[in-house]
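Everything below concerns the one structure shown next.
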Amino acid sequence: MARLTGSSNLECKVCHRVHRNVATLLGPRAPDDWLRVNPGERLEAELTPDVCILPCNGSTRLFLRGHLQLPVDETDFGTFVWSVWVELDELSMSEVARVWSDPNRAAVAPLLGRLATELPYEQPTRGLSVTVHTRDLGQVPILMLSPGSHHSIAWEQREGIGVHRVAELAGLVRHRIDE
Ligand SMILES: [Zn+2]
């Protein structure tokens, strides 16, 4: 899925062009492992826009979609969002299910999970540990990387990125992530 609403009227400080219609949300419709299960397991699996339940070698893996936001250092641009999947243990997923329709679910303590989507960074992003912050009804949970992480995606989440980098990220995933 992709959302193309970002634009900047300013000349880019890096390439001196004006970036228009820049992707501000990008991500795959399923966790990476969705493509790896065999057809028999796929029949037993379940995929919605928010949740994926995947039988795998006799056990069941549980995934939730979340938004990993990178602030953009330009006024009015907002944030760039990776719409990605996070794997949760059974206890955490049952907590998500318990509060899913609760109007006060944003008050639930953050849960721990691991990223289940590979993104175009030099170091792998799958397996990175994140905290999952439930938001108000209708809003996708927010994913926060560990404040101590040295991974460049964690650094980008802490420090923000420029519009040039947003355009670059969109170019990097164009052929990899179904839109
Ligand atoms: Zn640029």
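Just follow the structure's listing: the first ligand is 1, and inside any ligand the first atom is 1. These figures come from a predicted structure and were not determined experimentally.
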Less than 4.5 Å apart, any side-chain heavy atom of [X] and any of [Y]?
{"X": "Thr117", "Y": "Trp82", "value": "no"}
{"X": "Arg114", "Y": "Ser129", "value": "yes"}
{"X": "Thr131", "Y": "Leu112", "value": "yes"}
{"X": "Val96", "Y": "Leu88", "value": "yes"}
{"X": "Lys13", "Y": "His164", "value": "no"}

Below 2.8 Å, which protein N, O or S atoms neighbour the Zn ion (ligand 1), ignoring water?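 Result, waters dropped: Cys12 SG, Cys15 SG, His19 NE2, His164 ND1.
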
Who are the side chain to side chain donor-acceptor pair (under 3.5 Å) partners of His150, not counting sequence neighbours?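 Applying side chain to side chain donor-acceptor pair (under 3.5 Å) to His150 gives none.
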
